[in-house]
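Okay, so here's the structure we're looking at.
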Amino acid sequence: MVELGAELGEIAGLSSPQIQAARHEKGPMVVFAGAGSGKTRVITYRIANLLATHRVPPYRVLAVTFTNKAAAEMRHRLTKLVGEELSRDLWVGTFHATCAKLLRRYPAACGLKSSFLVYDDDDQRAVMNRIYKDQGIDDKKFPLRQVLGRIHKEKQEGVTGTDFIPGNFMERTIAQCFQAYDERLRAANAVDFDDLLLYVMRLLENKDSPEGEELRKKFSYVLVDEFQDVNRVQYRLVRGFTEKTQNLFVVGDDDQSIYRWRGADVQIVRNFRHDHPGASIVKLEQNYRSTANVVAAALGVIRVARDREPKELWTANQAGEKIPIVFCVSERDEAAYVAERIREAMEAGTPANEIAVFYRIHAQSRVLEEVLRSERLPYQIIGGMRFFERAEVKDLVAYLRLLTNPDSDVDLVRIINVPSRKIGDTTVEKLAAFARERGSSMFAAIEDFIHSEGLTAQPKKALARFLALMKDLSSSAATAAPAELAERVVEESGYRDMLSRLDSDEGEAKLQNLAELIGSIGEFEEEALAQGTVPNLEGFLERVALTAAQDELKDVPRVCLMTVHAAKGLEFDLVLLTGMEEDIFPWRSQDNERPGDVEEERRLAYVAITRAKKHLFVLHAERRMIFANTRYNQPSRFLGDIPREVMRPVISDTMRAARGRFIDRPMAPPAEPPRLAFRSPAASSPSTPRVELDSVRSPVRAEGEPARAAARPASGGTLELFPDVRLGGLRMVEPVGDELPVRPNFSAPAAPTRQGFVRSMQQRPGAGPERAPGERFVERDDDAGGSSSSLRPRARISADHGLGPGTRVLHKTFGTGVVLSLDGSADPAAMVQFPGWTPKLIKIRFLQPEE
DNA sequence: GAATGGCCCGGCTGC
DNA sequence: CGGGCCATTC
């Protein structure tokens with residue numbers, strides 16, 4: 001074992017604030033750790049120090065991480081530092097995994113059986129659906145999603161069905177659903193994600209419970225990573241654990257708080273010192289991860305944020321490249337550009353798994369995936385349609401869950417007639433009613449139900465056969481290992497027959513997915529055995545439920561595609577940040593005209609930028625097809641916050657090819673500068689002027705030019721940058737002419753029509769890239785044959801009409817405006833900026849040149 | 001009871 | 001655009 005004495009810092013090469021934090025022993029401490037400032041090292045070394053220097057028994061230390069992957073990584077590092085013997089007994093895990101582990105220890109104290117299941121969103125919906133049916137609640141009046149959302153919100157604040165007090169009529173129904181929901185979960189011996197934490201919290205706070213007392217004494221040191229994303233219940237948990245010792249050590253960065261929407265409360269970290277008088281505070285402000293330009297870009301974006309713990313990130317790293325801000329025509333053009341840069345980087349020796357493509361929402365991944373596929377670039381997608389969400393995988397899991405816990409009605413209903421056993425909806429409904437009357441689970445009721453009145457011979461027989469099957473499998477469960485049991489389920493349930501009878505690629509793919517699931521059960525068994533624990537089905541099912549998107553990230557040489565949320569805590573040599581457009585990033589929700597939380601979006605952008613170690617590309621598309629329609633979005637306001645000195649505008653080849661001649665044409669600046677108003681940001685807050693920021697950009701502005709930005713609201717989305725950078729005035733910024741090689745492949749404009757992506761192209765065997773062993777089958781269109789290169793270039797309508805970006809035009813209603821861009825359909829339209837309006841898409845025939 | 005087609009509606013981020 | 005739900009039909 002490594003002895004870590006006073007020379008800890010020197011041994012590890014830590015900076016002095018890092019040493020200060022790592023050496024901290026007793027009492028509360030908060031570490032404000034900027035992005036890339038080495039916080040994981042600090043936590044790891046502090047634990048090592050506690051174990052080695054202070055001789056704290058490992059099982060008395062709890063370290064809470066944000067993902068299972070981070071937990072595994074931390075344990076791995078600790079094993080290297082202090083040896084396996086010590087690291088093995090540490091409690092390292094996410095809040096959810098830790099609570100699940102504790103609940104399996106004290107199930108009875110919470111009214112559970114140790115075989116309890118964790119219900120996911122789908123299960124929650126299924127349970128609630130039943131309640132709606134049984135109680136005749138109208139989904140139109142009380143949308144199920146909203147009711148579940150409300151329940152979720154309440155539970156995150158520590159409120160359960162029995163404590164929920166309705167405030168109005170609507171809430172009376174919610175209270176009714178809430179109670180019924182909790183009851184049904186209890187009857188099913190199941191918990192949802194929130195319960196996992198709530199149950200432990202209740203136990204911990206129960207002064208009369210001996211188990212609670214045990215829990216309060218259990219840990220002498222608690223460490224929490226990513227503390228800025230902790231919610232109220234999680235905070236109460238850690239307070240409960242450290243009530244006696246006060247040894248609570250938290251690490252976080254309020255600038256990286258991106259989970260407010262799921263209950264996280266930044267105020268918890270900001271108020272930490274008030275909650276814990278005498279708490280030590282350390283700030284880690286040196287970034288070791290990124291180039292100076294990347295850090296400058298990140299700072300530019302975050303320094304405008306409204307509330308922040310004062311801190312200044314800095315770096316001693318080299319400047320690195322200027323950050324290309326890439327202007328693309330469409331999402332397809334954007335993807336093509338991304339593919340080019342990936343290929344280039346890989347050819348230059350960057351490992352594929354050091355490359356990441358980020359997007360704000362999963363829906364953006366599809367096109368990227370298509371292009372990477374057709375370009376034969378290896379990739380993996382994190383999150384999105386997850387493996388465990390596929391129907392066949394869920395079916396097999398449902399069988400396994402039912403075998404573990406026969407009280408789980410949602411699982412029974414899911415598979416009782418899959419594959420088809422001639423047990424129809426009517427029979428299932430009758431069974432449900434029968435079970436309800438007897439107050440038992442559906443599975444337990446089958447036996448008697450078969451012998452009850454009013455059931456015809458056919459369903460009787462079918463049910464009896466199903467029961468026999470389950471009993472048979474159940475006896476296998478007693479002896480067979482989990483993976484073997486899963487295999488028997490697939491065989492004996494008839495699932496395999498059902499799929500092979502499909503006789504299609506689809507059936508084949510589904511069988512492959514099942515094989516992979518069984519394979520992963522096998523992996524789980526091996527891991528458990530290696531750790532000296534018995535591999536049981538409960539353990540595997542729990543892992544399935546608690547697997548985070550990031551946990552799927554495999555250490556294989558593939559480019560990683562993920563949402564920015566999923567990227568939290570990770571780092572890559574090369575980051576391509578796509579979709580930097582208003583309404584995408586910052587995202588604007590469609591419903592209720594809610595403006596969304598721009599501040600959180602800003603922090604999210606900060607997280608995205610700070611993931612990059614060496615190279616960062618920021619892309620935006622002028623036109624984007626998303627959710628079935630085309631949007632023309634303004635460039636993201638966050639682009640305007642990146643200091644001019646560290647960026648460099650780049651025009652995609654496609655855009656250059658389509659209207660290159662306009663890009664370089666000198667143009668008289670419009671008499672009245674186009675005001676690029678955004679749809680709603682001004683509403684957010686009429687607070688401080690952006691004087692500070694303005695001065696940062698002052699080199700750009702000519703002498704005597706009015707400080708346009710200064711008078712505008714802080715988050716008002718004023719991009720003084722863009723009147724220059726946008727097509728019309730590009731030449732004013734910087735020559736962009738020869739910076740990029742022109743690849744004929746990508747010079748054709750992106751798909752203007754749908755014909756290019758005919759479905760019939762999909763899934764020809766051998767059409768896609770070779771599939772590596774273990775690679776998941778992706779049930780998506782593979783339009784390898786329809787990629788951009790085969791498409792006809794769009795007509796240069798701009799030339800035909802004498803209109804181009806920057807042209808001043810006249811409209812009957814809106815008056816004089818400036819053309820921003822043009823669209824190339826049969827009936828061409830132009831995006832026009834009229835002073836005082838949001839940019840409008842107007843058919844060219846309604847416009848006329850100004851003169 | 002199963003299979004198919006049409007229609008409506010939501011559409012983000014995730015343990 | 002796509003998933004889920006309903007109605008129609010065999």
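To find a chain, count down the sequence lines: A is the first, B the second, and so on, and within it residues start at 1.
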Original post:
Counting side-chain heavy atoms from C-beta on, which of B:dC15, B:dG14, B:dG11 comes nearest to A:Phe193?
Top reply: B:dC15

Original post:
Taking the side chain of A:Thr427 as heavy atoms from C-beta outward, which of B:dC15, B:dT13, B:dG1 is closest to it?
Top reply: B:dG1

Subject >> Test salt bridge (Lys or Arg N to Asp or Glu O under 4.0 Å) applied to A:Glu600 and A:Arg603, step by step >> reply: CA-CA 5 Å; A:Glu600 180 142 319; A:Arg603 294 189 293 265; 3.2 Å; yes

Subject >> Polar pair under 3.5 Å, donor/acceptor by atom type, side chain A:Asp121, base B:dC15 >> reply: yes

**OP:** Could you please name the option among B:dC15, B:dT13, B:dC12 that lies closest to any side-chain atom of A:His96?
**Re:** B:dC15

Subject >> Pairing residues for A:Tyr259 by the ring pair (Phe, Tyr, Trp, His ring centres under 6.0 Å) criterion, not counting sequence neighbours >> reply: A:Phe66, A:Trp261, A:His565

**OP:** Please determine if a side-chain N or O atom of A:Thr67 lies less than 4.0 Å away from the OP1 or OP2 oxygen of B:dC15.
**Re:** no

Original post:
5'-most contact on DNA chain B: A:Ile423 or A:His565, nearest heavy atom basis?
Top reply: A:Ile423

Subject >> Position toward the 5' end of DNA chain B (nearest nucleotide), A:Lys422 or A:Ile361 >> reply: A:Lys422

Subject >> A:Arg366 side chain near C:dG2 phosphate (N/O to OP1/OP2, under 4.0 Å) >> reply: yes

Subject >> Counterpart residues, ring pair (Phe, Tyr, Trp, His ring centres under 6.0 Å), relative to A:Phe241 (two or more places apart) >> reply: A:Phe219

Table of protein N/O atoms under 3.5 Å from nucleotides 4-10 of chain C N/O atoms:
none

**OP:** Calculate the interatomic distance between A:Asn629 atom CG and C:dC1 atom P; express it in whole Å.
**Re:** 10 Å

Original post:
Base, sugar-phosphate, or nothing: which does A:Tyr259 touch, judged by heavy atoms less than 4.0 Å apart?
Top reply: sugar-phosphate

Original post:
Tell me: CG of A:Leu197 to C1' of B:dG14, nearest whole Å?
Top reply: 13 Å

Original post:
What's the CZ-C1' distance between A:Arg631 and C:dC1, to the nearest Å?
Top reply: 13 Å

Original post:
Can you name the ring pair (Phe, Tyr, Trp, His ring centres under 6.0 Å) partners of A:Phe178, sequence neighbours left out?
Top reply: A:Phe164

**OP:** Of all the heavy-atom pairs spanning A:Asn68 and A:Asp551, show the shortest one and how long it is.
**Re:** ND2-OD2, 2.6 Å

Subject >> Of the listed nucleotides B:dG14, B:dA2, B:dC15, the one nearest the side chain of A:Ala548 >> reply: B:dC15

Original post:
Any donor-acceptor pair under 3.5 Å between the side chain of A:His152 and the base of B:dG14?
Top reply: yes

Subject >> Proximal nucleotide (of B:dG1, B:dC12, B:dT13) relative to the A:Thr426 side chain >> reply: B:dG1

Subject >> B:dT13 phosphate, OP1 or OP2, under 4.0 Å from A:Thr563 side-chain N/O >> reply: no

**OP:** Send over the distance from A:Asp194 CG to B:dG14 P, rounded to a whole Å.
**Re:** 16 Å

Original post:
Which whole-number value in Å describes the distance from A:Tyr359 OH to B:dG14 C1'?
Top reply: 14 Å

Original post:
If the P atom of C:dG4 is compared with that of B:dT13, how far apart are they to the nearest Å?
Top reply: 15 Å

Subject >> Which nucleotide in B:dG1, B:dC15, B:dT13 has an atom nearest any side-chain atom of A:Trp261 >> reply: B:dT13

**OP:** Would you indicate what A:Arg360 reaches in the nucleic acid, counting non-hydrogen atoms under 4.0 angstrom: base, sugar-phosphate, or nothing?
**Re:** base

Original post:
Atom CZ of A:Arg603 and atom P of B:dC12: how far apart are they, to the nearest Å?
Top reply: 21 Å

Original post:
Residues two or more places apart in sequence or in another chain: which of them pass side-chain contact (heavy atoms from CB on, under 4.5 Å) with A:Glu73?
Top reply: A:Arg77

Original post:
Looking at side-chain heavy atoms only, is the closest gap between A:Asn405 and A:Phe116 below 4.5 Å?
Top reply: no

Original post:
Do the side-chain N or O atoms of A:His362 get closer than 4.0 angstrom to the phosphate oxygens (OP1, OP2) of B:dG11?
Top reply: no

Original post:
OH of A:Tyr119 versus P of B:dG14: gap in Å, rounded?
Top reply: 24 Å

Original post:
Rounded to the Å, how far apart are A:Met625 CE and C:dC1 C1'?
Top reply: 8 Å

**OP:** Mind checking ring pair (Phe, Tyr, Trp, His ring centres under 6.0 Å) for A:Tyr181 and listing every partner two or more places apart, or none if nothing turns up?
**Re:** none

Original post:
B:dT13 phosphate, OP1 or OP2: any side-chain N/O from A:Arg588 under 4.0 angstrom?
Top reply: no

Subject >> A:Arg262 side chain, from C-beta outward: closest of B:dC12, B:dG14, B:dA2 >> reply: B:dG14

**OP:** Tell me, yes or no, whether the heavy-atom count around A:Arg421 atom CZ, taken from other residues, nucleotides or ligands under 6.0 Å, exceeds 12.
**Re:** yes

Original post:
Considering only B:dC15, B:dA2, B:dT13, which nucleotide approaches the side chain of A:Asn417 most closely?
Top reply: B:dA2

